[in-house]
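Here is the structure we will look at.
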Amino acid sequence: MTTGDEAPVDAPALRRKVFGRRTGHKLRARQADILETGLDRLAVPLPPAGTVLDPKTLFARPVGEVWFEIGFGGGEHLAAQAEANPEVGLIGAEPFVNGMASLLRHVEERHLDNVRVLADDARLLLAALPEASLARAFLLFPDPWPKSRHHKRRFVQQETLDLLARALKPGGEFRVASDIMGYIEWTLAQVGLHHAFEWLAEGPADWRARTADWPPTRYEAKAIAAGRQPAYLRFRRLP
Ligand SMILES: C[S@@+](CC[C@H](N)C(=O)[O-])C[C@H]1O[C@@H](n2cnc3c(N)ncnc32)[C@H](O)[C@@H]1O
């Protein structure tokens with residue numbers, strides 16, 4: 001599972017509060033059961049500090065590449081990607097318990113055997129991954145933290161871009177969606193400051209609509225129902 005390669009980031013130092021709620025409505029007995037048995041089977045063990053975790057070894061059968069979703073919410077996108085891409089291993093991080101229960105229900109109902117989960121801060125896993133071990137990362141409708149004094153809580157920061165740049169393969173893709181234009185502008189500015197990514201947009205049509213291989217999420221549906229137009233950003237990890 002682990003190798004002696006030093007991860008350049010001290011994962012335990014990143015273990016700080018995940019902002020936002022961890023639990024919502026009380027789980028029904030069947031949901032609680034799916035959560036418990038699913039986590040027993042599918043939870044990713046974080047390696048000890050200073051060691052790295054090869055994500056391909058997490059799957060029961062060989063996978064061609066590994067994709068990572070940060071804050072998957074109800075897990076609709078992750079489950080749809082896992083179903084559409086059986087040759088890919090999908091890992092999702094989500095500390096919100098009800099979201100985790102929802103994804104694990106999708107995994108059970110659709111008999112998905114290419115999903116692993118972390119019920120914790122995505123940065124802990126990013127810090128423990130070997131260099132160039134992910135082919136894609138997804139950050140869909142992240143918590144917007146609209147007040148200026150809370151911008152430092154946004155997931156997109158130079159530090160997390162460093163973690164993503166390290167974990168993504170050259171040519172790999174980082175996808176971000178949001179219905180909050182302030183967050184889209186923030187993301188473009190932060191990525192623009194970073195050396196490792198290029199924005200894959202040639203015109204407005206490239207960010208106003210999802211590509212065909214980009215399933216919807218619950219937050220996207222809520223945003224559209226409320227009259228907000230999401231933007232969809234694709235960045236390539238430069239060589
Ligand atoms: C607004 S919701 C969007 C959920 C889902 N992506 C969607 O589009 O429906 C943002 C989610 O990110 C999760 N989250 C926030 N910070 C996180 C972190 N550091 N690591 C993993 N998940 C995180 C929250 O628990 C929350 O469920």
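Numbering of ligands and ligand atoms starts at 1, following listing order.
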> Trp145 ring centre to Arg154 NZ or CZ under 6.0 Å, with the angle to the axis within 45°?
Replying inline: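 The answer is no; the distance or angle limit is not met.
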
>> Any atom of ligand 1 sitting under 4.0 Å from a heavy atom of Pro95?
In response: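 For ligand 1, residue contact (heavy atoms, under 4.0 Å) with Pro95 is present.
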
Hey, are [X] and [Y] close enough for a salt bridge, meaning a charged N less than 4.0 Å from a carboxylate O?
X	Y	result
Asp121	Arg123	yes
Arg41	Glu108	no
Arg218	Glu220	no

Looking at [X], which atoms of ligand 1 are within less than 4.0 Å of one of its heavy atoms?
X	answer
Ala122	18 (C), 20 (N), 21 (C)
Arg218	9 (O)
Phe141	1 (C), 2 (S), 3 (C), 8 (O), 10 (C)
Asp121	18 (C), 19 (N), 20 (N)
Ala93	21 (C), 22 (N)
Phe96	25 (O)

>> Pair Leu78, Leu103 - check side-chain contact (heavy atoms from CB on, under 4.5 Å), show working.
In response: CA-CA 8 Å; Leu78 193 150; Leu103 171 67; 3.9 Å; yes

Could you tell me whether [X] and ligand 1 have an N or O pair separated by under 3.5 Å?
X	answer
Gly71	yes
Gly74	no
Phe155	no

> Which residue pairs pass the ring pair (Phe, Tyr, Trp, His ring centres under 6.0 Å) test when at least one of the two sits in residues 44-74, sequence neighbours left out?
Replying inline: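 Listed by first then second residue: Trp67-Phe138.
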
>> Quiz question: by atom type and distance under 3.5 Å, do the side chains of Glu69 and His77 form a donor-acceptor pair?
In response: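 Side chains of Glu69 and His77: pair found under 3.5 Å.
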
> Which of the listed options, Glu76, Glu94, Glu220, holds the heavy atom that is closest to atom 13 (C) of ligand 1?
Replying inline: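 It is Glu94 whose heavy atom sits nearest to atom 13 (C) of ligand 1.
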
> So between Thr217, Leu125, Leu139, Thr160, whose heavy atom ends up nearest atom 8 (O) of ligand 1?
Replying inline: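 Comparing heavy atoms across Thr217, Leu125, Leu139, Thr160, the nearest one to atom 8 (O) of ligand 1 lies in Thr217.
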
N/O donor to acceptor pairs below 3.5 angstrom from side-chain atoms of residues 184-192, sequence neighbours left out:
{"unit_1": "Trp186", "atom_1": "NE1", "unit_2": "Val156", "atom_2": "O", "d": "2.8"}
{"unit_1": "Thr187", "atom_1": "OG1", "unit_2": "Tyr183", "atom_2": "O", "d": "2.8"}
{"unit_1": "Gln190", "atom_1": "OE1", "unit_2": "Gln158", "atom_2": "NE2", "d": "2.8"}

